[in-house]
Amino acid sequence: MSPSSRRVAQVVTPEPVVEGAGVHLRRSIGTPRLDHLDPFLLLDHFESVSPADYEAGFPYHPHRGIETVTIVRKGEIRHRDSLGHRGSIGGGDIQWMTSGSGILHEEMPQVRPEGIGGLQLWLNLPAREKMSRPKYRDLQGEQLTETQTKDGARIRVIAGETAGLVGPVEGLAVAPKFVDVTLPPGSTIREVVPRGHAAFAYVDHGEVSFGSSRAPVRAPALVIFDDGDTVEASAGPGGGRFLLAAARPLGEPIARHGPFVMNTRAEIEQALQDLRVGHFIRDEPRDG
Ligand code: FE
């Protein structure tokens, strides 16, 4: 079979939601309309220069059974957890957190003149890894490899591989490919995405056309692709930026309750019970 370019299956307009202690977000995965896109469970886009939209942040809350990937575009988010780990992620930085069996943490956007901007994505863990040891990977912007095409498109590799460059996040069950793409006006890219993997692009700036479709998608928008071997993108006259994410679907049952995502209702009940009796934290996280 010759390589085929993935076609746009669906364009989803993010829905406004209020989360945490009062943070205004745009959510495109994890909504009544699109519960999940196996193995992606949630996608939130935060962007505001008004402190009232974000300063309340996400005070202490638990997670179990998932990975959370936070991509900061601008501003700063301070992070700390119940075991005394703390850090700060700023513009260009990424935190890839494996909650595994359980973590209690706080994510607090800092009030800055430039406001806050970025994405948070939840990636499911396979059943056999849901109760694994928590782990952090804090990726500073400068640690990420970036490649530039002849016509000026810039591709930052977060996970997986592009043009011979391998991103720092490797070895996960769902084999994620995450690349952060900035397209100047008129530029195009073609990225290889394994056949059978779920794939989407989240356009958070400008206008981008995908596949053979001439119709540009204007930010903010989630673009879900049909199956195929590559994703092709070209920028509109003002340029554009998007996160391209692909991963192998797990095909496992999903039982979700807020920040817990397990396979069965009984496992959710167990998480709630563990939280009530103070057995939620099983293992100390390790840094990746
Ligand atoms: Fe969280």
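Each ligand, and each atom within it, is numbered from 1 in the order the structure gives. The first residue of the sequence shown is numbered 1, and numbering continues consecutively from there. Everything numeric in this text was worked out from a predicted model, so none of it was measured.
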- Item | Any donor-acceptor N/O pair, Asp53 side chain to Ser48 backbone, under 3.5 Å | no
- With distance as the sole test, does Arg6 use its side chain to make a donor-acceptor pair with the main-chain N or O of Asp226 at under 3.5 Å? yes
- Test of ring centre spacing under 6.0 Å for Phe200 and Phe40: yes
- With the Fe ion (ligand 1) as the centre, enumerate protein N/O/S atoms below 2.8 Å in chain and residue order.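 As for protein N, O or S atoms lying under 2.8 Å from the Fe ion (ligand 1), they are His61 NE2, His63 NE2, His105 NE2, Glu107 OE1.
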- Under the side-chain contact (heavy atoms from CB on, under 4.5 Å) rule, collect the residues that match up with Val17, sequence neighbours excluded.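 Listed in chain order: Leu25, Arg27.
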- Item | Side-chain ion pair, Arg26 and Asp44, N-O less than 4.0 Å |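 No, no charged N to carboxylate O under 4.0 Å.
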- Message: So if I apply the side-chain hydrogen bond (donor to acceptor under 3.5 Å, both in side chains) rule between His79 and each of Glu107, His105, Arg86, which one comes out positive?
- Response: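 Going through Glu107, His105, Arg86 one by one, the side-chain hydrogen bond (donor to acceptor under 3.5 Å, both in side chains) with His79 is satisfied by His105 alone.
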